[in-house]
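I have placed the structure first, in the form of structure tokens, so that the comments after it can refer back to it.
The structure displayed is predicted, hence computed values, not measured ones.
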Amino acid sequence: MRATVRQAGRATAHLTVAAAMAFGMYLFITVLLIAAIGTLAVIGAWLLPETVLIVRRIAGAKRRLTAAWTGREIPEAYQAVEGPLTVRLRTAVRDPGTLTDLRWMAAYYVYGALVFLALPLWPVGLVVDGVGCGLLRRRAVVLPWIVRLADLEADWSTVLLRPSPKALLAARVEQLSTSRADAIAAHGAELRRIERDLHDGAQARLVALSMRIGLAKRAYDRDPDAARKLLDDAQDQAEQALTELRHVVRGIHPPILTDRGLVGAVRALAAGSGLRVSVDVEGLEDDGPRAPAAVEAAAYFVVAEALTNVAKHSGSPEASVRIARMRRGLRVEVADQGHGGADESDGSGLLGMRRRVAALDGTVRMSSPAGGPTVIEVELPCVW
């Protein structure tokens, strides 16, 4: 009986908040009428986009309220209302999400007051279920109907607030366009980095090598000792140029990934990071299937960038890396106990990480409150 009363109380609280939101929407009709009249009169056309944005916030609050009751998130799919007034008007009117929100709002004026059906059930339920459960040891009959009313209200809201397939497709196209632009930007930045490394590093050393060999050839007949010294210097320059080229190659695709796989490459990164790094691996056996090369490279660079940030900025002497195989992807998590406060706008490392992951349709979540800890979670979709 106690659990039944507690669940009915939660359901009543949910229905009460829903009714309060419905009452607020009754008052919001005035804003809708003003926006409609102003738009028809042209002089108040600027009100329409702002009103649509307010409706989106109300619908978002209802989505969160419903998700808190059902435990299932309701996705949002809106087009950005920005730009000149004509563009904002066109977007506000043509966005499929606007029609979805208005349809829900119209229905919510009717079913938002279900709490008034639930309140009369309380005195009846406390008497009937109190006697039935307390004396007759039977199951509650009346109070569970309050929970069913809350479930009904949440189900209707879920159905009405769920974006249409057209809206989801439009949001997906916009997301892919953004990730494509980020991938192109990241690719261009990577090419410029490789060009800069080759120009400032290996190319400069090869030019110096060519000059020393030329000087050695000229001095060979008249001063063999000087020529021998120049050739020794040329050999050092050749070795340094090879080192620079290996560095550039590792920046494109680390050879250790091909030789040792992702787990071995990450363990090598951890060993050479200068930190105490623990590496936990789940579901990735040495003789098991490997992720695609692009996914392994992205995961490797995520760990490398994260450990570099830990060593430079966190102030923590240790970090942890966790790599887990999922049914449809790969999860990488890097955490440290430093002072936190990581900011993506301060430098390009985290932004480059996000762009590299977005190019593979992955996700990046970072938590770094002031005082720590900092946790970076990356999920990369792939087929095993």
Mind checking side chain to side chain contact (heavy atoms under 4.5 Å, CB included) for E333 and listing every partner two or more places apart, or none if nothing turns up?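 So E333 forms a side chain to side chain contact (heavy atoms under 4.5 Å, CB included) with R322, V375, E377.
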Under the side chain to side chain contact (heavy atoms under 4.5 Å, CB included) test, residues paired with R72 that sit two or more places apart: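 So R72 forms a side chain to side chain contact (heavy atoms under 4.5 Å, CB included) with T70, D155.
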Candidate pair D280 and V321, rule side-chain contact (heavy atoms from CB on, under 4.5 Å), full reasoning: CA-CA 6 Å; D280 296 325; V321 178; over 6 Å; no
Connected-component partners of [X] among ILVMFWY, side-chain separation under 4.5 Å:
| X | value |
| --- | --- |
| V159 | none |
| L53 | V81 |
| V207 | M211 |

Please name the pair of heavy atoms, one in [X] and one in [Y], separated by the smallest distance, quoted to 0.1 Å.
| X | Y | answer |
| --- | --- | --- |
| L257 | A297 | CD1-CA, 3.7 Å |
| A324 | L330 | O-CD1, 3.5 Å |
| I146 | A8 | CG2-O, 3.8 Å |
| L119 | P123 | O-CD, 3.4 Å |
| A150 | A11 | CB-CB, 3.7 Å |
| A107 | L160 | CB-CD1, 3.6 Å |

Single-linkage hydrophobic cluster, 4.5 Å side-chain cutoff, [X] and [Y] together:
| X | Y | result |
| --- | --- | --- |
| Y78 | V52 | no |
| I54 | M105 | yes |
| L152 | V115 | yes |
| F116 | W145 | yes |
| L102 | W156 | no |

[X] side chain vs [Y] backbone, donor-acceptor pair below 3.5 Å:
| X | Y | answer |
| --- | --- | --- |
| T98 | R94 | no |
| T66 | T158 | no |
| R365 | I376 | no |

May I ask you to decide whether [X] forms a salt bridge with [Y], counting only side-chain N to carboxylate O separations under 4.0 Å?
| X | Y | answer |
| --- | --- | --- |
| R325 | E282 | no |
| R56 | D95 | yes |
| R64 | E73 | no |

Measure up the H14 and W69 rings against each other and bin them: parallel (under 30°), tilted (30 to 60°), perpendicular (over 60°).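 It falls in the parallel class, under 30°.
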If you look only at pairs with a residue in residues 21-34, which of them pass as a salt bridge (charged side-chain N to carboxylate O under 4.0 Å, His left out), with sequence neighbours excluded?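 Salt bridge (charged side-chain N to carboxylate O under 4.0 Å, His left out) check on residues 21-34 returns no pairs.
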Show which side-chain atoms of residues 265-277 pair as donor or acceptor with protein atoms under 3.5 Å away, not counting sequence neighbours.
residue, atom, partner, partner atom, Å
S273, OG, A270, O, 2.9
S273, OG, L275, N, 3.3
R276, NH2, E318, OE1, 3.3

Could you measure the distance from the [atom1] atom of [X] to the [atom2] atom of [Y]? Nearest 0.5 Å is fine.
| X | Y | atom1 | atom2 | answer |
| --- | --- | --- | --- | --- |
| D336 | T374 | CG | OG1 | 4.5 Å |
| R356 | F301 | CZ | CZ | 5.0 Å |
| L15 | D151 | CG | CG | 9.5 Å |
| L284 | L262 | CG | CG | 7.0 Å |
| L360 | C382 | CG | SG | 9.5 Å |
| R354 | T363 | CZ | OG1 | 9.0 Å |

Under the ring-ring contact (aromatic ring centres under 6.0 Å, His included) rule, collect the residues that match up with W104, sequence neighbours excluded.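 Expected list: Y108.
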Among residues at least two apart in sequence or on other chains, which ones pass ring-ring contact (aromatic ring centres under 6.0 Å, His included) with Y109?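 ring-ring contact (aromatic ring centres under 6.0 Å, His included) check on Y109 returns Y26.
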Inspect the surroundings of CH2 in W122 and state if more than 12 heavy atoms from other residues, nucleotides or ligands are less than 6.0 Å away.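 Yes.
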Is it the case that atom CZ in R218 sees more than 12 heavy atoms from other parts of the structure closer than 6.0 Å?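 No, the 6.0 Å shell around CZ holds no more than 12 heavy atoms from other groups.
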Output all residues satisfying salt bridge (charged side-chain N to carboxylate O under 4.0 Å, His left out) with R63, sequence neighbours left out; order by chain, then residue number.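 By the salt bridge (charged side-chain N to carboxylate O under 4.0 Å, His left out) rule, R63 matches E76, D101.
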Under 4.5 Å between any side-chain heavy atoms of [X] and [Y], yes or no?
| X | Y | answer |
| --- | --- | --- |
| L149 | L117 | yes |
| Q337 | P373 | yes |
| L89 | L48 | yes |
| Y111 | S157 | yes |
| P96 | P163 | no |
| V17 | L65 | yes |

side-chain contact (heavy atoms from CB on, under 4.5 Å) evaluation trace for V55 with F28: CA-CA 9 Å; V55 172; F28 189 70; 3.7 Å; yes
Please output the side-chain donor-acceptor pairs of residues 308-315 that fall under 3.5 Å, not counting sequence neighbours, one pair per line with the distance.
residue, atom, partner, partner atom, Å
T308, OG1, A304, O, 2.8
N309, ND2, E305, O, 3.4
S314, OG, V310, O, 2.7
S314, OG, S316, N, 3.0

Can you list, pair by pair, the side-chain donor-acceptor contacts under 3.5 Å of residues 224-235, counting residues two or more places apart and other chains?
residue, atom, partner, partner atom, Å
D225, OD1, R228, NH1, 3.0
D233, OD2, R212, NH1, 3.4

So, applying side-chain contact (heavy atoms from CB on, under 4.5 Å) with K62, which one of R57, M21, M25 is it?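 The single option meeting the side-chain contact (heavy atoms from CB on, under 4.5 Å) with K62 is M21.
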Please step through salt bridge (charged side-chain N to carboxylate O under 4.0 Å, His left out) for the pair E50 and R88, ending with a clear verdict. CA-CA 9 Å; E50 301 303 323; R88 290 162 59 86; 2.3 Å; yes
